[in-house]
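Excluded from the calculations below are hydrogen atoms, water molecules and symmetry mates; all remaining heavy atoms, backbone and side chain alike, are included.
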Amino acid sequence: MNLSEKTVKKDKYGPEYVVEVYDPKIGMEGFLVIDNTVLGPGKGGIRMTPGVTKEEVYRLARTMTWKNALAGIPFGGAKAGIIWKGGDDILKKQFVQSFAKAIKPFLMKKYIAGPDVNTGEKEMQWFVEATGNLRAATGKPSKLCHPTGEKCGLPHELGSTGYGVAIAAAIAIKLKGFNISQTTVAIEGFGNVGEFTFKHLAGMGAKIVAITDINGGVYDKNGLDEKILLHLKRQKKSPIEYPGGTKIETGQIFGLPVDVLIPAAVTDSVNDKNKNEIKAKIIVEGSNIPMKETIEEEFFKKAVLVVPDFVANAGGVISSYAEYMGYSHEKMFKLVERKIKNATTAVLKRSLKENINPRAVAMEIAVKRVEEKSENS
């Protein structure tokens with residue numbers, strides 16, 4: 001799944017709708033791709049980046065089709081993107097609400113919005129305010145509730161995605177025969193996913209020895225202090241300001257002598273330039289499409305266990321389903337834990353037993369669920 005390919009491929013799964021919108025008054029340009037709604041309304045976040053394209057949104061929408069099917073939740077696959085070159089919150093709100101109004105005919109029956117890159121609970125509140133329907137998006141602020149005082153928002157800021165990545169990593173560590181308390185982990189990215197992956201994996205006993213963000217990071221073979229790093233995060237500071245350890249550039253994290261590598265930042269961060277530097281025996285994909293499938297296959301042939309993105313990072317969309325159903329925070333986290341455990345265990349056990357690439361196993365399960373539903377509908 002290479003984001004650099006400039007095409008939208010049509011096949012028996014979709015996409016059902018490829019929508020381009022433009023608001024000449026403010027220059028808002030955006031895309032909505034509803035890939036497949038056999039299992040339910042398309043679910044996927046809205047990203048706001050300077051270079052987002054229709055093709056990128058399509059590939060992410062297709063990933064959501066398989067992610068939702070594998071997680072076993074009644075959502076189809078979709079994704080949205082708004083070209084956002086920056087500006088203040090007044091302009092950003094105008095862009096989000098203009099986009100919301102433009103795609104309103106598709107909402108609820110075909111598409112339910114959510115957070116993604118550069119969008120969070122604040123943007124989701126703007127979105128539903130523009131549509132006049134609280135159920136048009138998930139990932140809303142927890143204070144935003146239905147008039148009954150129930151069915152409140154479950155913002156992604158609660159850390160559901162990172163929680164799921166940590167659970168997937170712990171399962172991979174166990175099935176690979178490692179002792180989690182002696183397992184060293186490096187996390188690329190210290191945004192929402194990286195932060196909560198760090199927090200929960202450390203809580204499970206893993207030794208987090210390196211973490212980076214766009215500015216660089218820190219490595220300490222003896223392990224990093226969770227409290228210090230989270231304090232830096234609260235102050236909106238980079239891990240590179242961590243006192244002690246060895247300061248590293250962002251890209252250096254890939255060459256470190258660790259057991260587990262968790263790319264949780266941007267697309268294609270593991271690529272042809274750095275893939276041969278990686279020494280980890282387990283790679284857990286916290287971000288969407290952190291490497292091409294061809295590179296995953298190379299790692300598989302080297303006996304490196306790669307937990308695919310749509311297996312490991314489904315916590316966010318599971319949380320979205322929980323919010324859609326009106327669940328509490330506690331019930332949401334239990335649902336994330338159960339579904340990530342079930343999917344990861346099923347995929348990795350079969351992969352290791354039959355020596356099949358984990359992505360192929362996961363795809364087989366997801367595709368089967370979509371096709372069975374399609375045949376019966």
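Checked by atom type, the side-chain pair E121/Q125 shows no donor-acceptor distance below 3.5 Å. A donor-acceptor contact closer than 3.5 angstrom is absent between the side chains of T183 and D259. Side chains of K43 and T138: a donor-acceptor N/O pair is present below 3.5 angstrom, by distance only. A donor and an acceptor atom, one from each side chain of N357 and E296, are nowhere located under 3.5 Å apart. For the residue pair N313 and K67, a side-chain donor N or O sits within less than 3.5 Å of a side-chain acceptor on the partner. S181 and N179 are linked by a side-chain donor-acceptor pair at a separation below 3.5 angstrom, with hydrogens and angles left out of the test. Side-chain polar atoms of N36 and T65 form no donor-acceptor pair below 3.5 angstrom.
Going from atom CD1 of I262 over to atom CZ of F198 covers 11.0 Å, rounded to the nearest 0.5 Å. Here the OH-CE distance, from Y324 to M108, works out to 4.5 Å after rounding to the nearest 0.5 Å. Taking CD1 of I318 as the reference point, atom OH of Y163 lies at 11.0 Å (rounded to 0.5 Å). For the atom pair CG (L261) and CZ (F299), the distance works out to 8.0 Å, reported to the nearest 0.5 Å. Here the CG-CG distance, from L230 to D225, works out to 9.0 Å after rounding to the nearest 0.5 Å. Distance NZ/K110 to CG/L32: 11.5 Å, rounded to 0.5 Å.
Residue-environment remark: NZ (K199) stays at or below the threshold of 12 foreign heavy atoms within 6.0 Å. The number of heavy-atom neighbours closer than 6.0 Å to NZ of K339, taken from other residues, nucleotides and ligands shown, is above 12. Residue E249 places its CD atom among 12 or fewer non-hydrogen atoms of other residues, nucleotides or ligands, all under 6.0 Å distant. More than 12 heavy atoms of other residues, nucleotides or ligands sit less than 6.0 Å from atom NZ of K279. Other residues, nucleotides and ligands contribute over 12 non-hydrogen atoms within 6.0 Å of the NZ atom of K247.
Centroid-to-centroid, the aromatic rings of Y111 and Y17 stay 6.0 Å apart or farther. Residues Y13 and W66 bring their aromatic ring centres within 6.0 Å.
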(message) What verdict does the salt bridge (Lys or Arg N to Asp or Glu O under 4.0 Å) test give for R234 and E195, after you've listed the backbone C-alpha separation in whole Å, the side-chain angles of each residue and the deciding distance to 0.1 Å?
(response) CA-CA 11 Å; R234 297 287 87 81; E195 174 189 352; 2.6 Å; yes
(request) Please assess S98 against I26 for the test side-chain contact (heavy atoms from CB on, under 4.5 Å), listing each intermediate value before the final yes or no. (result) CA-CA 9 Å; S98 172; I26 58 174; 3.9 Å; yes
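Nearest heavy atom pair, residue A312 against residue V307, reads CB-CG1, 3.9 Å. For the residue pair P358 and L305, the shortest heavy atom distance occurs at CG-CD1, 4.0 Å. Nearest heavy atoms, E188 versus T212: CA-OG1, 3.6 Å. L158 approaches F196 most closely through the heavy-atom pair O-CE2, 3.6 Å. The minimum heavy-atom distance between A362 and L70, with the atom names listed, is O-CD1, 3.8 Å.
Ion pair D309/R359 flagged as a salt bridge, since at least one NZ, NE, NH1 or NH2 atom sits closer than 4.0 Å to an Asp/Glu carboxylate oxygen. Of the charged side-chain nitrogens involved, none lies within less than 4.0 Å of a carboxylate oxygen, so that K54 and E29 do not count as a salt-bridged pair. A salt bridge is absent between D23 and K101: the closest approach of a Lys/Arg side-chain nitrogen to an acidic carboxylate oxygen does not fall below 4.0 angstrom.
Residues F310 and M363 are in side-chain contact: their nearest non-hydrogen atoms beyond the backbone lie under 4.5 Å apart.
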